[in-house]
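The sequence lines fix the lettering, A, B, ..., with proteins before strands; numbering per chain opens at 1.
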Amino acid sequence: MSETLLDERPQANAKPKPQPPIGLLAELTHRCPLRCTYCSNPIELESRSAELDTETWKRVFSQAAELGVIHLHLSGGEPCARKDIVELTRHAAEVGLYTNLITSGVGVKESQLDALLEAGCDHIQLSMQGADEEITVAVAGMKGAFERKQAFAKQVVDRGFPLTLNSVIHRQNIHQVPTMIEKAVEFGAKRIEIAHTQYYGWALKNRAHLMPTKADVDKTIEQVEEARERLKGTLVIDAVFPDYYAKYPKLCNGGWGARTFSVTPSGKVLPCHAAETIEHLEFWSVSDHDLADVWYNGPAFEAYRGTDWMQEPCRSCERKHIDFGGCRCQALALVGDAAATDPACVKSPHHDRIGDLARSESAYVPDPTKVSYRLIGAA
Amino acid sequence: MSDLGDDTVPKLPHGVKFREDKARGGYILVGPERIYNIDGVSVEILKRVDGAASIQRIVADLATVFTAEEAVIRPDVEAFLIDLRDKQMVVL
């Protein structure tokens, strides 16, 4: 048996024939009752009227299963804001996809949960913005959200279904990491993701409000390691640490066009959910192309797949098959060139600049009235 | 040395699926954000994890199929299942 944990098995060849994808992030809608400051949705949210209809999503799921997708992540926005969420889940399960519902839990009625589980939903991932009401409201912009989440978690666990909590960490809640882990145990979750904010979309806009200090990040690394050992067999803890303070960049999505991809509410197929920030790329739509055609031939997928596109220092780097030069969207956002080395890398000529930026932003005392809560979503 | 009783019935919990991976070949055990490639004898073990068969029955069956001693097979089967239990992929 060999473990192939997501994001840990890059492909080795410079111009490989792409392997089939293993994961599809289906952003069913951008509508969401929460307004989280760290939201990774684009600033330009897609409207309800632009959303794919039920039959098109079903066709996409059938094509995904045929193509080799294993995990289907039903996400958004809030996926349960779609009236057809149960029907879509049922279809995904029927074509053999492992369905993971990524939800805020706040607007999901108990009867809807029962219907989702009956329809074949395999796993539920519940977002957790804080370990109490005060922080949850400050981050998510919705009163009563914490209590609703707690009730939802109990409903899932009481039905014998596995629950993962997903906590996006930033300076507003970083001091609550140990409490969030304890809450996960208390809620009966099997797994928690302690994921430091990745700075895209709304999170990039709010970066100065979100960036934690290096000292606080180091502390959470210790806290996670301690809890992981202590809770072995009870709770699995997966952690993602912020790359602004890192030495090497992250292996973004397991490599561009290598393992996972996304479909937006309106049907655009993206190599990663932030890829639209790279404006010169041409994104094909599920309305015009079969999913396999997009994966193997779509120009946006071809653009940064493998290593041929690389410049120095990536091109001659011994780590180029390990992290593929990091994140293209981050290279564009911070350096102005999507084909540059991700400045999270120590070999990037801009590396010192992002470390300085993180240090200065984390030292800045933000005015909470200036933070941009994301929009609920256009009608 | 045996850690699990004869009557222990291993099963896959909700949220874990064992299936063939037609696109890439072979078998996989799938859980939340996790995919394990399963090969060789491990495939034969998991094919017998149906929530009804006990460890003893699984081992006896494998011993017949592979014409091997139960006492030789059992520690490997147990170690495999205990490892998966620790990963929350099997309930014992």
Check: Taking Gln88(B) for the side chain and Thr234(A) for the main chain, is one N or O donor matched with an acceptor at less than 3.5 Å?
Finding: yes
Notebook entry, point to check: With a 4.5 angstrom heavy-atom cut-off, which part of Leu235(A) approaches chain B: side chain, backbone, both or neither?
Noted result: backbone
Check: So which part of Pro32(B) gets closer than 4.5 Å to some heavy atom of chain A, the side chain, the backbone, both or neither?
Finding: both
Next item on the list: Examine distances only and state if a side-chain atom of Tyr98(A) and a backbone atom of Glu33(B) form a donor-acceptor pair shorter than 3.5 Å.
Entry: no
Check: Heavy-atom distance under 4.5 Å to chain A: side chain of Arg85(B), backbone, both or neither?
Finding: neither
Note to self: Let's test your reading of the structure: which of Gln125(A), Glu66(A), Arg191(A) forms the most heavy-atom pairs below 4.5 Å with chain B?
What the structure shows: Arg191(A)
Notebook entry, point to check: Is the number of heavy atoms from other residues, nucleotides or ligands under 6.0 Å of Lys190(A) NZ greater than 12?
Noted result: no
Note to self: Are there over 12 heavy-atom neighbours, none belonging to Asp7(B), within less than 6.0 Å of that residue's CG?
What the structure shows: no
Next item on the list: Tell me, out of Asn100(A), Val236(A), Leu67(A), who's got the most heavy-atom pairs with chain B below 4.5 Å.
Entry: Val236(A)
Next item on the list: Output all residues satisfying side chain to side chain donor-acceptor pair (under 3.5 Å) with Asp114(A), sequence neighbours left out; order by chain, then residue number.
Entry: Arg159(A)
Notebook entry, point to check: With side chains defined as the heavy atoms from C-beta onward, is the minimum distance between Lys17(B) and Ile70(A) less than 4.5 Å?
Noted result: no
Check: So, do Val30(B) and His71(A) sit near enough that their side-chain heavy atoms are less than 4.5 Å apart?
Finding: yes
